[in-house]
Chemist: 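I have a structure I would like to understand better, so I am pasting it below and will then ask my questions one at a time.
Every chain is numbered from 1, with letters handed out A, B, ... down the list of sequences.
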Amino acid sequence: MKILVGYKRVVDYNVRIQVKPDGTGVVTDGVKLSANPFDDIALEEALRLREKGVAEEVIVVGIGPADLTAHLRNGLAMGANRAIHVVTAEAMQPLTAARTFQKLIEKEQPGLVILGKQAIDDDANQTGQMLAALWDRPQATFASKVEIADGKATVTREVDAGLETIEVELPAVITSDLRLNEPRFIKLPDIMKAKSKPIDVIEFASLGIDSGDHLKTTHYAAPPKRSKGVMVKDAAELVAALKQKGLL
Amino acid sequence: MSKILVIAEHLDGKLNSSTARAVSAAAAVKPEAIDVLVLADNVDAIAADAAKIDGVSRVLTVARAENAHPLAAVLAPQIAKAADGYSHVFVPSTTFGKDVAPRAAALLGVAQLSDVMSVEGTHTFKRPIYAGNAIVTVEAEPSHVVVATIRTASWPAAASGANNAPIEALTLDVTLPSHTRFVELKQGASDRPDLQSASKVVSGGRGVGSKENFDIIFKFADKIGAAVGASRAAVDAGYVPSDLQVGQTGKIIAPELYMAIGISGAIQHLTGIKDAGTIVAINKDGEAPIFEVADFGLVGDLFKILPELEAALG
Ligand SMILES: Cc1cc2nc3c(=O)[nH]c(=O)nc-3n(C[C@H](O)[C@H](O)[C@H](O)COP(=O)(O)OP(=O)(O)OC[C@H]3O[C@@H](n4cnc5c(N)ncnc54)[C@H](O)[C@@H]3O)c2cc1C
Ligand SMILES: Nc1ncnc2c1ncn2[C@@H]1O[C@H](COP(=O)(O)O)[C@@H](O)[C@H]1O
């Protein structure tokens with residue numbers, strides 16, 4: 001079985017993002033970029049499934065600009081067998097990303113696709129669900145545990161009410177939640193090895209995809225700031241302050 | 001004119017208050033009609049609750065055994081079908097809505113808006129990105145149905161009681177897949193207030209130190225009638241179950257009072273509490289970033305302060 005993994009590059013989660021004063025976007029110049037944390041988790045899960053013998057091949061997919069190569073090499077250094085780079089200069093909305101994955105699925109025929117539950121830049125949380133719909137296959141989102149046997153995946157999902165378990169027939173789309181696993185660190189020799197692993201480069205324009213970008217972002221603004229409050233000196237003062245506001 | 005279909009969220013035969021929040025957002029569009037769609041096995045009690053929400057024009061029900069559990073693969077085709085004739089489909093931005101709405105949108109061939117926090121016009125909305133560090137204005141194309149999830153913390157629940165909307169059974173001609181099956185739901189059994197709708201929340205972080213120590217948080221929460229939440233670090237360390245996580249990738253909440261105890265205040269945590277009325281921080285590190293957003297801050301050891309707070313409450 002092949003596993004396709006979404007491997008998006010995003011602004012690193014430690015960066016405190018700034019909105020440009022003219023409201024046309026956020027400042028990304030000189031800002032640290034990293035793999036979407038959920039995609040590292042997705043990749044780790046795929047690698048573990050390969051190590052267990054459930055899968056033979058793990059393919060990382062990045063949709064983005066020409067300079068994505070170094071990022072994809074990180075995925076290869078972590079252990080993916082190969083990478084697919086769909087080249088586009090445009091930022092992509094989830095529906096178009098899902099249509100892109102669908103094209104790759106037609107070609108690669110994977111038994112499983114693992115994406116992150118959300119990309120921490122757009123915070124959309126959509127691509128996996130959309131892909132599953134377009135592919136007409138099951139989805140198991142927000143996964144915190146995955147077991148695969150007999151052509152089925154049994155997936156525990158982190159939902160608001162607690163932990164839900166569902167069973168889905170393969171092929172299927174799984175999206176990773178934070179507690180699915182702890183991604184491994186990349187070791188130096190693996191970086192060397194990754195240099196010889198193949199990266200297929202596909203021009204987005206050659207896929208003949210209808211853009212699903214029906215949403216236009218017209219303005220960016222900084223969020224309203226909460227003002228710094230007061231420091232109280234002890235428990236009694238805190239209780240008095242909260243009582244005065246009618247909160248206790 | 002706009003016509004909005006709101007998808008009801010429910011559990012154990014009860015309507016979730018997230019539905020009334022999505023109705024509030026729908027009302028802000030000033031539509032001609034707001035219909036609520038109830039997909040369930042037993043629809044009656046849920047539909048009766050939905051019919052009472054102010055502003056609801058009609059409640060549409062689809063009672064099918066397959067709808068017993070909220071499986072997106074099963075619900076999405078029904079939503080896509082039922083969406084016919086509507087200008088907007090609104091779903092609460094809870095794990096339920098986040099799971100099902102994109103699937104329904106893709107079946108309709110349209111993009112989806114996530115986490116709508118304000119309505120600026122029939123096709124103009126605001127939503128947060130980058131863990132709430134930027135707010136974008138998004139325009140949707142009027143020629144397409146708008147499928148959106150509604151950020152529940154941004155909207156009050158529409159009032160309930162005065163309305164008595166008609167309830168109509170809907171027959172949808174869709175074949176449902178059998179490739180996805182519900183196995184079980186392990187609910188965090190608790191008689192404490194629900195984290196997502198509670199007016200007071202007491203959260204503990206890594207500073208609490210252990211699962212056993214977390215009792216001190218539960219005890220204090222019970223004393224003031226609060227729900228209990230946690231940071232990711234506390235959940236990861238196994239102090240409490242995952243459904244208590246507050247933040248970018250946990251629950252986004254807006255209680256009147258939020259108390260962060262032994263929580264440093266990482267941006268991913270803060271994005272979950274931005275809309276809280278009053279934030280209280282208790283942390284032994286006076287430099288902790290949580291104090292930058294706290295209305296009331298108290299520097300000290302939580303194991304000393306919590307008993308003192310309880311004593312001060314009498
Ligand atoms: C993709 C991604 C998503 C994330 N999503 C979330 C999310 O949804 N929610 C979330 O919370 N985090 C999330 N995080 C994690 C986040 O970045 C922080 O790591 C986390 O919030 C830290 O939790 P904490 O404040 O409990 O722990 P720490 O940062 O370790 O802080 C513990 C605090 O406790 C204090 N303390 C220790 N002992 C005591 C004592 N005896 N008395 C008083 N104070 C004490 C310390 O001074 C310290 O400030 C996410 C991270 C990533 C990368
Ligand atoms: N441009 C992209 N390149 C690679 N993977 C992507 C891309 N966009 C979305 N994905 C995948 O889809 C997941 C969810 O993204 P989103 O729906 O944007 O929150 C991400 O975690 C990735 O796994």
Side-chain angles (χ1 to χ4, degrees), chain A residues 11 16-17 19 26 93-95 98 118 120-126 129-130 132-134 137-139 141-142 144 154 158-169 178-179 212-223 226 228-232 235-236 238-239 241-242 245 247-248, chain B residues 11 71-73 76 94-95 98-99 102-103 105-107 110-114 128-141 144 179-188 196 224 232 236 241-243 249 251 256-257 267 278 280 292-298 305 308-309 312-313:
Chain A
V11 171
R16 196 173 282 256
I17 208 82
V19 174
V26 299
Q93 288 179 20
L95 182 59
Q118 84 195 57
I120 61 160
D121 49 4
D122 64 14
D123 281 334
N125 197 329
Q126 299 175 8
Q129 298 86 312
M130 288 182 155
L134 300 175
R137 292 306 308 165
Q139 70 188 47
T141 52
F142 325 146
S144 64
T154 305
E158 290 196 0
V159 296
D160 291 338
L163 293 174
E164 182 195 70
T165 305
I166 61 172
E167 192 180 86
V168 297
E169 288 169 14
L178 290 173
R179 277 165 288 274
D213 298 356
H214 307 135
L215 301 173
K216 236 188 3 241
T217 298
T218 54
H219 187 73
Y220 292 74
R226 282 191 84 101
K228 194 172 154 69
V230 295
M231 300 302 281
V232 293
L238 180 57
V239 168
L242 294 177
K245 287 194 114 188
L247 291 166
L248 284 179
Chain B
L11 184 67
L71 298 172
T94 51
T95 54
K98 289 173 186 173
D99 191 35
R103 189 163 181 123
L107 293 176
V110 298
Q112 190 232 289
L113 261 146
S114 292
I129 57 172
Y130 288 105
N133 284 311
I135 310 294
V136 286
T137 306
V138 179
E139 274 175 26
E141 261 179 48
H144 293 81
H179 53 45
T180 304
R181 291 174 289 273
F182 174 84
V183 179
E184 63 169 353
L185 173 65
K186 281 206 193 115
Q187 290 195 54
Q196 262 159 321
I224 65 167
R232 174 189 171 187
D236 282 1
S242 57
D243 50 297
T249 52
K251 288 177 175 146
E256 288 164 33
L257 174 64
I267 43 175
T278 298
V280 172
E292 282 162 38
V293 299
D295 299 278
F296 298 105
L298 179 48
I305 290 171
E308 286 172 2
L309 282 175
L313 282 166

Chemist: Would you say the side chain of A:Q129 lies within less than 4.5 Å of the side chain of B:Q112, judging by non-hydrogen atoms?
Modeler: no
Chemist: For chain A, which candidate among B:K251, B:E139, B:E292, B:Q187 shows the most heavy-atom pairs at distances under 4.5 Å?
Modeler: B:E139
Chemist: Between B:F182 and A:I166, which heavy-atom pair has the shortest distance, and what is it?
Modeler: CA-CG2, 4.2 Å
Chemist: For the residue pair A:D123 and B:S114, establish whether any side-chain heavy-atom pair is separated by less than 4.5 Å.
Modeler: no
Chemist: Would you mind telling me which of B:A73, B:A134, B:A76 has the largest number of heavy-atom pairs within less than 4.5 Å of chain A?
Modeler: B:A134
Chemist: Between A:V26 and chain B, which part of the residue has a heavy atom less than 4.5 Å away: side chain, backbone, both or neither?
Modeler: side chain
Chemist: After noting the C-alpha distance and the side-chain angles of B:K98 and A:T141, does the key distance pass the side-chain hydrogen bond (donor to acceptor under 3.5 Å, both in side chains) rule?
Modeler: CA-CA 9 Å; B:K98 289 173 186 173; A:T141 52; over 6 Å; no
Chemist: Does atom NZ of B:K186 have more than 12 heavy-atom neighbours from other groups under 6.0 Å away?
Modeler: no
Chemist: Could you check whether any side-chain heavy atom of B:D243 comes within less than 4.5 Å of a side-chain heavy atom of A:E158, counting everything from C-beta outward?
Modeler: no
Chemist: Taking the side chain as C-beta and beyond, is there a heavy-atom pair between A:D121 and B:Y130 under 4.5 Å?
Modeler: yes
Chemist: With only heavy atoms counted, which part of A:F142 is less than 4.5 Å from chain B, the side chain, the backbone, both or neither?
Modeler: side chain
Chemist: Taking everything shown except A:E169 itself, do over 12 heavy atoms lie less than 6.0 Å from its CD?
Modeler: yes
Chemist: Where is the tightest heavy-atom contact between A:L95 and B:A111, given as atom of each residue plus distance?
Modeler: CD2-N, 3.8 Å
Chemist: Against chain B, work out which of A:E164, A:H219, A:K216, A:Q126 has the most heavy-atom pairs shorter than 4.5 Å and name it.
Modeler: A:Q126
Chemist: Could you tell me whether a side-chain N or O of A:Q139 sits under 3.5 Å from a main-chain N or O of B:A72, the two making a donor and an acceptor?
Modeler: no
Chemist: Considering only heavy atoms from C-beta outward, does the side chain of A:L247 approach that of B:V280 to under 4.5 Å?
Modeler: no
Chemist: Just so I understand: if I count every heavy-atom pair under 4.5 Å between each of A:M231, A:H214, A:E167 and chain B, which residue has the most?
Modeler: A:H214
Chemist: Let's test your reading of the structure: which of B:E256, B:E184, B:R103, B:R181 forms the most heavy-atom pairs below 4.5 Å with chain A?
Modeler: B:R103
Chemist: Quick check on the interface: out of B:L313, B:T137, B:V110, B:T249, who has the most heavy-atom pairs with chain A under 4.5 Å?
Modeler: B:T137
Chemist: Which atoms form the tightest heavy-atom contact between B:T278 and A:K245, and what is the distance?
Modeler: OG1-NZ, 3.2 Å
Chemist: With a 4.5 angstrom heavy-atom cut-off, is it the side chain or the backbone of A:P223 that approaches chain B, or both, or neither?
Modeler: both
Chemist: Within the 4.5 Å heavy-atom criterion, are A:D160 and B:Q196 side-chain neighbours or not?
Modeler: yes
Chemist: If you compare all heavy atoms of A:V232 against all heavy atoms of B:L298, which two are closest, and at what distance to 0.1 Å?
Modeler: O-CD1, 3.4 Å
Chemist: Taking every non-hydrogen pair under 4.5 Å, which of A:L134, A:V11, A:I120 racks up the most with chain B?
Modeler: A:I120
Chemist: Let's test your reading of the structure: which of B:L11, B:I224, B:D236 forms the most heavy-atom pairs below 4.5 Å with chain A?
Modeler: B:D236
Chemist: Kindly give the heavy-atom pair with the smallest separation between B:P102 and A:M130, and that separation in Å.
Modeler: O-CG, 3.4 Å
Chemist: Which region of A:A132, side chain (C-beta onward) or backbone (N, CA, C, O), has a non-hydrogen atom less than 4.5 Å from a non-hydrogen atom of chain B, or is it both or neither?
Modeler: both
Chemist: Side chain, backbone, both or neither: which part of B:H144 has a non-hydrogen atom closer than 4.5 Å to chain A?
Modeler: side chain
Chemist: For each of A:A124, A:S144, A:G162, A:A133, tally heavy-atom pairs with chain B at distances under 4.5 Å, and name the one with the top tally.
Modeler: A:A133
Chemist: With only heavy atoms counted, which part of A:L215 is less than 4.5 Å from chain B, the side chain, the backbone, both or neither?
Modeler: both
Chemist: Between B:I129, B:L71, B:I135, which shows the greatest number of heavy-atom pairs under 4.5 Å with chain A?
Modeler: B:I135
Chemist: Below 4.5 Å, heavy-atom pairs only: which of A:P138, A:G229, A:A98 has the largest tally toward chain B?
Modeler: A:P138
